[in-house]
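Since the structure comes first, as structure tokens, the remarks are kept for the end.
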Amino acid sequence: MSAIFHAGISGYRGRMGRAVSQVLDAREDVVVAARFDWGETADISLCDVIIDFSTPDASLALAQGAAARGGPALVIGSTGFTPEQEAELVKAAEKIAIVKSGNFSLGVNILIGLVQHAAQRLDAQDWDIEITEAHHRRKVDSPSGTALMLGEAAAEGRFTDLADIRSAPYDGVQGERENGKIGFSSIRAGGIIGEHTVLFASEDEVLTLSHSAIDRALFAKGAVAAAAWVRTRRPGLYDMQDVLGFRQA
């Protein structure tokens with residue numbers, strides 16, 4: 001059995017927070033030392049690592065507080081951060097270890113690698129890239145963090161920054177689609193857990209890479225695996241590619 005560690009859950013009343021609670025409570029190597037939501041007081045010193053699925057503001061405040069005291073490590077699954085907030089998280093990661101990801105699914109992270117390789121091998125002048133994502137009606141940000149991760153992987157495969165080749169949303173008469181651009185579209189409906197599709201289309205053929213989430217527990221299991229991994233790491237900003245060993249940490 002692995003060594004017992006103490007974990008906290010930030011945003012524990014939310015859908016993902018409840019799923020993380022169930023996974024942690026079922027493990028014999030974890031003691032849940034704190035469960036709290038935004039605005040609630042918690043003694044984070046009791047934790048070796050905190051898993052956070054809350055809001056960008058709450059996640060940043062937690063990261064800054066943990067950095068100020070030198071711990072605990074964090075696993076952050078919140079999405080929708082502004083560039084300024086992202087920069088502040090980078091600063092916090094100079095003091096503590098943080099795993100931040102828009103998606104903790106093993107399948108999605110494999111998909112990210114496939115998208116990067118496909119984009120690298122399919123000429124941007126001949127192949128358009130469109131990313132479609134669907135989530136439940138309560139999700140407030142779009143495109144999803146996972147869709148942006150997929151877009152960044154595609155852009156990296158084309159040796160450029162996503163900001164430089166991201167297409168504006170289609171609406172009205174806009175003229176022909178520009179070569180080399182990456183388009184996004186979002187669906188918000190019902191209780192959809194998460195659907196992501198990356199479409200590569202040329203004049204002659206279409207390649208579709210996709211992932212469907214069947215049970216929200218898959219994200220919770222990945223986040224808990226990330227927590228077990230990051231609690232002993234040096235300060236730095238990591239992601240699931242590091243956790244899964246696809247990069248040297």
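Every value quoted in this text rests on a predicted model; they were computed, and no experiment measured them. We number each residue from 1, following the sequence as shown.
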If you take all heavy atoms of [X] and [Y], which pair is closest and at what distance?
X      : Y      : result
Gly70  : Ile96  : C-CG2, 3.7 Å
Met149 : Asn103 : SD-N, 3.8 Å
Phe200 : Ala118 : CZ-CB, 3.7 Å
Tyr12  : Ser21  : CB-OG, 4.5 Å
Pro143 : Arg166 : CD-NH2, 3.2 Å

Exceeds 12 heavy-atom contacts within 6.0 angstrom, atom [atom1] of [X]:
X      : atom1 : result
Lys221 : NZ    : no
Arg138 : CZ    : yes
Lys139 : NZ    : yes

Heavy-atom distance under 4.5 Å between the side chains of Glu205 and Leu207, does that happen here? no
Between Leu237 and Lys100, does a side-chain contact (heavy atoms from CB on, under 4.5 Å) hold up when you go through it step by step? CA-CA 7 Å; Leu237 187 60; Lys100 178 179 174 293; 4.1 Å; yes
For the pair Lys91 and Glu88, find out whether any cationic side-chain nitrogen is under 4.0 Å from an anionic carboxylate oxygen. yes
Carboxylate-amine/guanidinium proximity below 4.0 Å for Arg231 and Asp48: no
Evaluate the criterion side-chain contact (heavy atoms from CB on, under 4.5 Å) for residue pair Ile131 and His196; output intermediate values, then yes/no. CA-CA 7 Å; Ile131 299 172; His196 293 87; 5.6 Å; no
Donor-acceptor contact present, side-chain [X] to main-chain [Y], <3.5 Å:
X      : Y      : result
Asp52  : Gly11  : no
His117 : Gln120 : no
Gln174 : Asp171 : yes
Glu133 : Ala147 : no
Ser101 : Asp239 : no
Arg137 : Arg188 : no

Can you tell which of Ile98, Val20, Val49 makes a side-chain contact (heavy atoms from CB on, under 4.5 Å) with Val75? Val49
Starting from the C-alpha separation in whole Å, work towards a yes-or-no answer on side-chain contact (heavy atoms from CB on, under 4.5 Å) for Leu62 and Trp38. CA-CA 9 Å; Leu62 176 63; Trp38 174 242; over 6 Å; no
Does any pair with a residue in residues 147-165 pass side chain to side chain donor-acceptor pair (under 3.5 Å), and if so which ones, sequence neighbours excluded? none
Assess whether side-chain contact (heavy atoms from CB on, under 4.5 Å) is satisfied between Phe81 and Ile76, documenting all intermediate values. CA-CA 11 Å; Phe81 292 91; Ile76 297 177; 4.0 Å; yes
Residues passing the side-chain hydrogen bond (donor to acceptor under 3.5 Å, both in side chains) test with Ser185, sequence neighbours excluded, are Thr132
Under a 3.5 Å cutoff, is there a donor and acceptor pairing between the side chains of Tyr170 and Glu130? yes
